[in-house]
Amino acid sequence: MGTLVAVVRSTVGITVMAFNTIYIGVVATTIARFNPRSTLITGMLHFWARLFLAIIGVKLRVEGQDNIDPDRSYVFVSNHQSNIDIPAHFLACRNPIRYLAKKELFKVPILGYLLRHLDFIQVNRQAHASAHRDINSQVERTVSLGHSLIIYPEGTRTRDGNLQPFKKGAFRIAMDNGLDIIPMATSSGSRRAWPPGSKIVRPATVRVKVAPPISVAGLTGADVDRVRNEAEATIRHLFEEVNQS
């Protein structure tokens, strides 16, 4: 019986959110065409995130938001447990945030239009130096609008629940653009709610803990490894804490 309820909840929830995503996205992109800095856009994205979590029965608990200055732009970095992380992090970060998304998503009808016009960052994983320059160009525009970025340095969702080694890209982007880095950890509740590859979403409690920022002032490319290691160690420590509480 529990599985049947979960299937019904998942089917209804995902269907409702698909239509809600289109509706909110179209309205938000229309506003963005006239005023890309409008706080209404952030409010609508937060509403989308709250509604999604409520429909599927996920409770969000956030600690450490006082470490975030809402008037600054950052690069937030977090472990990546499941697709639940996306709405959870929209709400956990006090700032308007934008994600990096693989270029294939920008080719999806409607979704690609929404991502592009809401200033999400398009990433081509096959390119190298040219892609890095293009990303920084997009980041410059996004930050100029008062947005922050959130990047998952593991590169993809974990398959076994454990943290994977961090890649350098997020930290290079932060340093290239003079953006301090805020590490965050997301609990295993996210993966329990929606395991990667599963079509069934279940109720759970998701905890997110935010650490103080890591300053990039005065740092160069030679510091990338050190900064990555510091952020990774912080997130691993926070990950243990959010899974014990």
Side-chain angles (χ1 to χ4, degrees), residues 6 8-62 65 68 70 73-74 76 78 80-102 104-123 138 142 145-152 157 184 186-187 189-196 198-208 210:
V8 172
R9 179 195 290 268
S10 300
T11 303
V12 172
I14 292 173
T15 301
V16 169
M17 287 311 300
F19 285 103
N20 195 44
T21 298
I22 295 172
Y23 172 72
I24 289 179
V26 169
V27 175
T29 53
T30 302
I31 294 171
R33 291 185 64 182
F34 297 96
N35 181 10
R37 293 176 176 270
S38 174
T39 57
L40 288 174
I41 298 171
T42 299
M44 296 183 77
L45 293 175
H46 284 191
F47 173 77
W48 172 87
R50 287 193 182 92
L51 182 61
F52 182 59
L53 296 182
I55 287 176
I56 61 177
V58 167
K59 296 180 180 179
L60 179 64
R61 302 286 183 262
V62 183
Q65 281 184 316
I68 305 170
S73 293
Y74 299 98
F76 292 89
S78 176
H80 197 7
Q81 291 286 299
S82 82
N83 285 332
I84 296 295
D85 298 346
I86 295 173
H89 291 154
F90 268 127
L91 299 173
C93 302
R94 299 174 67 187
N95 314 54
I97 60 170
R98 296 295 184 267
Y99 287 82
L100 272 66
K102 56 187 179 180
E104 289 79 10
L105 292 178
F106 285 78
K107 297 178 181 179
V108 177
I110 301 178
L111 177 61
Y113 176 88
L114 302 181
L115 294 174
R116 189 173 294 106
H117 287 81
L118 289 175
D119 293 294
F120 285 72
I121 309 298
Q122 183 175 176
V123 178
Q138 294 178 72
T142 297
L145 297 173
H147 305 326
S148 292
L149 301 179
I150 182 163
I151 304 175
Y152 300 121
R157 294 166 295 171
M184 303 192 303
T186 306
S187 72
S190 175
R191 186 170 179 273
R192 286 195 296 272
W194 197 354
S198 175
K199 293 183 172 63
I200 298 178
V201 186
R202 298 179 183 275
T205 296
V206 175
R207 293 179 170 85
V208 177
V210 183

Where the side chain of [X] meets the backbone of [Y], is there a donor-acceptor pair that is under 3.5 Å apart?
X: Arg61; Y: Thr205; answer: no
X: Thr29; Y: Leu114; answer: no
X: Gln65; Y: Ala92; answer: yes
X: Ser10; Y: Val201; answer: yes
X: Ser82; Y: Ser190; answer: yes
X: Thr30; Y: Val26; answer: yes

Heavy atoms only: give me the nearest [X]-[Y] pair and the separation to one decimal.
X: Leu60; Y: Ala88; answer: CD2-O, 3.7 Å
X: Ala193; Y: Val58; answer: CB-CG2, 4.0 Å
X: Pro196; Y: Gln81; answer: CG-O, 3.8 Å
X: Ser73; Y: His147; answer: OG-O, 2.8 Å
X: Gly189; Y: Ala204; answer: O-CB, 3.6 Å

With rounding to the nearest 0.5 Å, note down the distance linking [atom1] in [X] to [atom2] in [Y].
X: Ser78; Y: Asp85; atom1: OG; atom2: CG; result: 6.0 Å
X: Leu145; Y: Leu118; atom1: CG; atom2: CG; result: 11.0 Å
X: Ser187; Y: Arg192; atom1: OG; atom2: CZ; result: 6.5 Å
X: Trp194; Y: Ile14; atom1: CH2; atom2: CD1; result: 4.5 Å
X: Ile84; Y: Arg157; atom1: CD1; atom2: CZ; result: 10.5 Å
X: Leu53; Y: Leu51; atom1: CG; atom2: CG; result: 9.0 Å

Using a 4.5 Å cut-off on heavy atoms from C-beta on, say whether the side chain of Ile31 contacts that of Met44.
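Yes, close enough: below the 4.5 Å cut-off.
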In the structure I gave you, are the side-chain heavy atoms of Tyr99 and Phe90 within less than 4.5 Å of one another anywhere?
yes
Is Tyr113 atom OH crowded by more than 12 heavy atoms from other residues, nucleotides or ligands, each under 6.0 Å away?
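It does: Tyr113 OH has more than 12 such atoms within range.
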Listed pairs under 3.5 Å, donor-acceptor, residues 32-40 side chains, sequence neighbours left out:
from: Asn35; atom 1: OD1; to: Arg37; atom 2: N; distance (Å): 3.2
from: Arg37; atom 1: NH1; to: Ser144; atom 2: O; distance (Å): 3.4
from: Arg37; atom 1: NH2; to: Ser144; atom 2: O; distance (Å): 2.3
from: Ser38; atom 1: OG; to: Leu40; atom 2: N; distance (Å): 3.1

Show me the pairs that pass side-chain hydrogen bond (donor to acceptor under 3.5 Å, both in side chains) and involve residues 87-97, at least two apart or across chains.
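Counting only pairs at least two positions apart or across chains, the side-chain hydrogen bond (donor to acceptor under 3.5 Å, both in side chains) contacts touching residues 87-97 are His89-Tyr152, His89-Thr186.
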The test is side chain to side chain contact (heavy atoms under 4.5 Å, CB included); show your working for Thr142 and Leu149 and say whether it passes.
CA-CA 8 Å; Thr142 297; Leu149 301 179; 4.1 Å; yes
Stepwise side chain to side chain contact (heavy atoms under 4.5 Å, CB included) test for Phe76 and Ile68
CA-CA 10 Å; Phe76 292 89; Ile68 305 170; 3.7 Å; yes
With sequence neighbours left out, what residues match Phe120 under ring pair (Phe, Tyr, Trp, His ring centres under 6.0 Å)?
none
